[in-house]
Structure formats: C-alpha cells, structure tokens
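Heads up: the structure comes next, in structure tokens.
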Number of protein chains: 2
Amino acid sequence: MARKISESTVRRLSRYLRRLRELDARERRSVVSSAGLAQSTGTTAAQVRKDLSHFGSFGKRGQGYPVRALREQLEEILGLTQRWRVAVLGAGKIGSALLGYGYFTQRGFDVVAAFDSDQSRIGLDLGGVRVQPLSELKRTFEDRRVAIAIIATPVEAAQQSADMAVGAGARAILNFAPVKLDVPEGVAVREMDVTLELEGLCYMLTTGGPAADDTE
Amino acid sequence: MARKISESTVRRLSRYLRRLRELDARERRSVVSSAGLAQSTGTTAAQVRKDLSHFGSFGKRGQGYPVRALREQLEEILGLTQRWRVAVLGAGKIGSALLGYGYFTQRGFDVVAAFDSDQSRIGLDLGGVRVQPLSELKRTFEDRRVAIAIIATPVEAAQQSADMAVGAGARAILNFAPVKLDVPEGVAVREMDVTLELEGLCYMLTTGGPAADDTE
DNA sequence: TCCCGTTTGTGAAAGAGATCACAAGAACAT
DNA sequence: ATGTTCTTGTGATCTCTTTCACAAACGGGA
Ligand SMILES: NC(=O)c1ccc[n+]([C@@H]2O[C@H](COP(=O)([O-])OP(=O)(O)OC[C@H]3O[C@@H](n4cnc5c(N)ncnc54)[C@H](O)[C@@H]3O)[C@@H](O)[C@H]2O)c1
Ligand SMILES: NC(=O)c1ccc[n+]([C@@H]2O[C@H](COP(=O)([O-])OP(=O)(O)OC[C@H]3O[C@@H](n4cnc5c(N)ncnc54)[C@H](O)[C@@H]3O)[C@@H](O)[C@H]2O)c1
C-alpha cells in the first residue's frame, strides 16, 4: 500500500490534519465534507478526495468524513502514532524561540535537548531544557534516541552541525540556516528560509497583482 | 514580459540568488556553470538553464554564467532592486527572534515596526525597533508605507492580525501561525509552519527510512 | 583559419500532478 | 419500496513541470 506519494500531497495531508485537530478539539464537529476541508486548507474538494484515496476510503458517501477517525488515520499515515524526540542545535535567538514553543508537545514532538558552542549559553534553562556543550551531543543523541535535529546555528556552522547530528544518529534535519546542507543518502532534510519566502512575496507583488487569475 | 512562472520556479530562483550572493561576496568566483549552481542548490543543470531561460539568456556558451551579472538579473526578476518595508505583528518569542535577525537588512528588507497587544511589551526596544500598540498600527503602516506584514501572533489572533494588516495597506503576509488565513484577492500569503515541516520529515522516516519494510 | 573541448539555450518527449465528471453508495422521507 | 438528495471514490483527461538530447556558440590552441 506504500506507493510513491508526492511531497505536495504529504504537505496537504499535514494541513488536513491540522484542520481536523481544530475541528475535533475546538469546534466539536464530528463530520466534515471534502469541500469543507478543502475550504479551510486552501485546496479543492477533488484534491482532498484524491489525496485521501491513495491510502484507503475513509468517508461515507452522502455524509462526509468522520473527523475523529480521519484524524487518527492521518496520524497513522504520517507516522505520528509514536512520539518523536527532537534536539535543537544552536540556542540563540531562533533556537530559544523554538525551545519555548509550546505546540510541539501537543503535536507529538518532544524537544529533549539543546546544544550550543558558546560557553556562556551552556547551562541555561530554555523552555525546560538545559543547554549542553557540543561535547555531550553524541552521547545525548544516542542515550535519548534523538531522531530529528533542528539546526539553528549560524550559516557558517550549519553544515558542521548537520554533520555532527548525522554522525550522532539523527535521521532527519530541519534546517533554519539559509544554506543547502549536504547529507548522506537516507537522511531527510527540510529547509525553512524566511528570506526565501519574503522574496517569493516580493516576486508576487512586483509582477502586478498576485492572484490576477483571468485578467490578461 | 515573463508570463506564468510557477511558484516552484520562483523558489529555485531565490535559491540560485542565495548561492550567487555567496559566490560573489564570500568565494569571489566570477563565473559559475549551470551544473555548479545546480549542485549547490539541490537541483539539476537542465533545470537551472530552463528556469533562467524563461527570462532571457544570461550565460556564455562554453563558459557559464557571470556571477555578478546573474545575481543582479535575479534581483531584478524577483523585484529586489527596491528595499521592502516590513512590520512584525506579535512581539513574542518568534517575533523577537525575527526582530533581532540581522540578515534581513543585507537581503533588502527593512523591519521598520513591531506591534503587540500586551501592554507590558509595548515600548520595548527589540533589535532597534520599538514595540507599538495596535492602535498605532494603521497610521504607522501608512506613514512608513509598509508592504509586508509578518504575523507572529498566537493562532487565535492570527486572522484578526491579518485583517488589520490588510486594512492598513499590507499587500503581502508572511504567516507564522499554524492556520490558513483568509485574505482578499490581491494579497499574497506565504505560510511557515514548523510543525508541518516536522511532520513531513516523520512521513519520510516512517515510510522510506528505518527498517525498509516493503511488506505488501 | 580550423579544430576541439566545453557549456548554454531550447524544442520535443516523458513524467507528474491536478481537475473533471459521473457512477455508486448512504441516509432519509414518503 | 421507491425516490430524492447529498457526497464519496476514481478512471479519464488535461495541464503543468521536469528531463532529454543536441545544435549553436564560445574560447583557446595550433
Ligand atoms: N533570528 C531569526 O529570526 C532567524 C530567522 C530565520 C533563520 N535564522 C537562522 O537561524 C540561525 C540562527 O540564527 P539566530 O538569529 O538564532 O542567531 P544567534 O546568533 O542568535 O544564535 C546562534 C547560536 O548558535 C550558536 N552556535 C554557533 N556555532 C555553533 C555550533 N557549531 N554548534 C552549536 N551552536 C553554535 C551560537 O553560540 C549562538 O548561540 C542562522 O542560520 C540564521 O540565519 C534566524
Ligand atoms: N515560538 C516558536 O518557536 C514558534 C515557531 C513557529 C511558529 N510559532 C507561531 O508563532 C506565533 C507566536 O508564537 P510565540 O511562540 O512567539 O508566542 P508568544 O506568546 O511568545 O508571542 C505572541 C505575542 O503576540 C502578542 N499578541 C497576542 N494577540 C495579539 C494581537 N491581536 N495583536 C498583536 N499581538 C498580539 C502577545 O502579546 C505575545 O507577545 C504562534 O502562532 C505560534 O504558533 C512560534
């Protein structure tokens, strides 16, 4: 049943899940239609149905999808039935913000460690996590079985940080530094570059109205 | 001039630009081949050439692309020949990090204002910017001609923040809150959701990675 | 001048992803 | 039971993106 699922599909699944959690916990809705989900996630009804159909059939014709069950299905599909242990490398401005981010826990991620090279930051307690020196990185990754590393070190140190994380057993990296990281086969990387997104917005602004659909 | 350019192309252009700036400023290279650019931005040589060819022909056959000139061309294409004024809404953890982010200035963005609803945060100086009350938002956006708003308020306040920004004249929004924003036609939005990216990594780890179980 | 190794620019082909359109299923009223 | 209404699931189709492949251009050397 594990076919080739595109990254864009996975992204949308994550959005559906985000919305389903809201519907379930906050809005107490018990069913939702593909059209409803599409509306609140910025896609089309057909796209929602197609995305879900890759993994099975979860809805009832005429009724829609049961919110709770679909949420659980998506968690299963995305691999979120287990909790994931995460470490933050670089306890500076962005690293501190992430360490204090309350949502991770709710969403299945446990930030269990933080590392910094700056002596003056070591020992700090940030969001309940003690900042450790790099010398303890490998051991901590192994002991606590950290699978995901978030890189929040300066650009110049980012590749080195990635190497350390991978060397210590990390199998996925979320990179906040604006550089392309080289990692061995089998290590997953996602990049978050604020500037890149801002530039995308500029392009839209500059090339006349962004969603100028039909007007030519 | 250029017709429908896809978002993925624009994203790559931004990556090329990021790399070209490195090559120009740090590594002092004066030419680069499509293969070289591809290598350091995670794509293919053919893709680089095709992307650039949508806007003109900037290279010399047999030689490659002149780094400096191509950088300037990309800045032109992306609309980065002007500086853009940006405001941050929500001066909390992530908002503070962004206000202290030094790279924006280098990349053509000026963070000129910050807003918060919390009385105790108003008046703070974060990264050289004074945190203002929401009551001053509209006026400041107009006076300083702010085009881009970065939303860093809690999920529950995000839509409201977006409405205020748009009402005050913002034409683009970079949204850090994990919700889909509804904005009027003509306003560009990009979303940065850390959790969504982490979930994407989990999916990869769960399917492609660990014990490659192709159990049908 | 002509040849040779190199790298671009770009139509054409292949591949992916999104959209369409509709039969099939489910609930409910009569 | 039958009809009505609603919404899913999915093959077929369409559109967009990426990859391929090669002629055209460039610089250097003989
Ligand atoms: N501040 C932001 O809002 C922001 C936004 C987007 C991206 N980023 C990126 O995130 C990264 C960090 O930015 P920041 O603003 O938090 O910078 P920062 O200087 O505040 O923090 C960086 C931290 O990393 C530590 N560090 C340096 N080398 C290290 C190493 N080899 N191993 C471990 N730790 C090391 C430093 O001691 C420092 O504490 C940068 O790459 C930046 O481009 C920052
Ligand atoms: N902390 C992180 O690392 C992180 C990472 C990714 C996304 N986010 C998202 O960014 C947003 C902010 O997160 P945070 O961790 O900085 O929270 P935070 O509570 O530290 O900061 C939020 C700030 O927004 C202010 N605020 C509340 N309502 C407002 C309004 N209507 N207008 C203006 N300001 C208002 C609050 O006073 C507070 O100062 C959230 O949506 C969060 O999900 C945070």
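Because the structure is predicted, anything quoted here is derived from the model rather than measured.
Computed from coordinates, the B:H54 NE2 to C:dG11 C1' distance equals 12 Å when rounded to whole Å. At whole-Å resolution of the value, CG in B:L52 and P in D:dT17 are 16 Å apart. Between the NZ atom of A:K50 and the P atom of D:dC14 there is a distance of 15 Å, rounded to whole Å. A:Q63 has its CD atom 9 Å from the P atom of D:dT8, to the nearest Å. The CD-P distance, from A:Q47 to D:dT10, rounds to 15 Å in whole Å. At whole-Å resolution of the value, CZ in B:R61 and C1' in D:dA24 are 5 Å apart. A straight line from NZ of A:K4 to P of D:dT18 spans 14 Å, rounded to a whole angstrom. What separates CG of B:L37 from C1' of C:dT8 is a distance of 13 Å, to the nearest Å.
Salt-bridge check for B:E72 with B:R68: failed, with every basic side-chain N at 4.0 Å or more from each acidic carboxylate O. Checked for salt-bridge contact, A:E75 and A:R21 meet the test: a charged N lies under 4.0 Å from a carboxylate O. Salt-bridge formation is not detected for the pair A:E22/A:R18: no Lys NZ or Arg NE/NH1/NH2 atom is positioned less than 4.0 Å from an Asp or Glu carboxylate oxygen. Under a 4.0 Å N-O distance rule, the pair A:R19/A:E27 qualifies as a salt bridge.
Contact annotation: A:S33 side-chain N/O to D:dT7 OP1/OP2 distance is not under 4.0 Å. A close approach under 4.0 Å does occur between a side-chain nitrogen or oxygen of B:T44 and OP1 or OP2 of D:dT19. Residue A:S34 has a polar side-chain atom (N or O) positioned under 4.0 Å from OP1 or OP2 of D:dT8. Distances shorter than 4.0 Å separate some side-chain N or O of A:S57 from OP1 or OP2 on D:dG9. Side-chain nitrogen and oxygen atoms of A:Y65 include none within less than 4.0 Å of the OP1 or OP2 phosphate oxygen of C:dA26.
When distances run from any side-chain atom of A:S53 to the nucleotides C:dG9, C:dT19, D:dG9, the shortest one goes to D:dG9. The side chain of A:R12 lies closest to C:dA18, out of D:dG27, C:dA18, C:dA26. Candidate nucleotides C:dG17, D:dT18, D:dT10 were compared by shortest atom distance to the side chain of A:R49, and D:dT10 ranks first.
Residue whose closest nucleotide on DNA chain C sits further toward the 5' end, between A:T43 and B:G62: B:G62.
Residues A:T195 and B:R107 bring no donor and acceptor atom of their side chains to less than 3.5 Å of each other.
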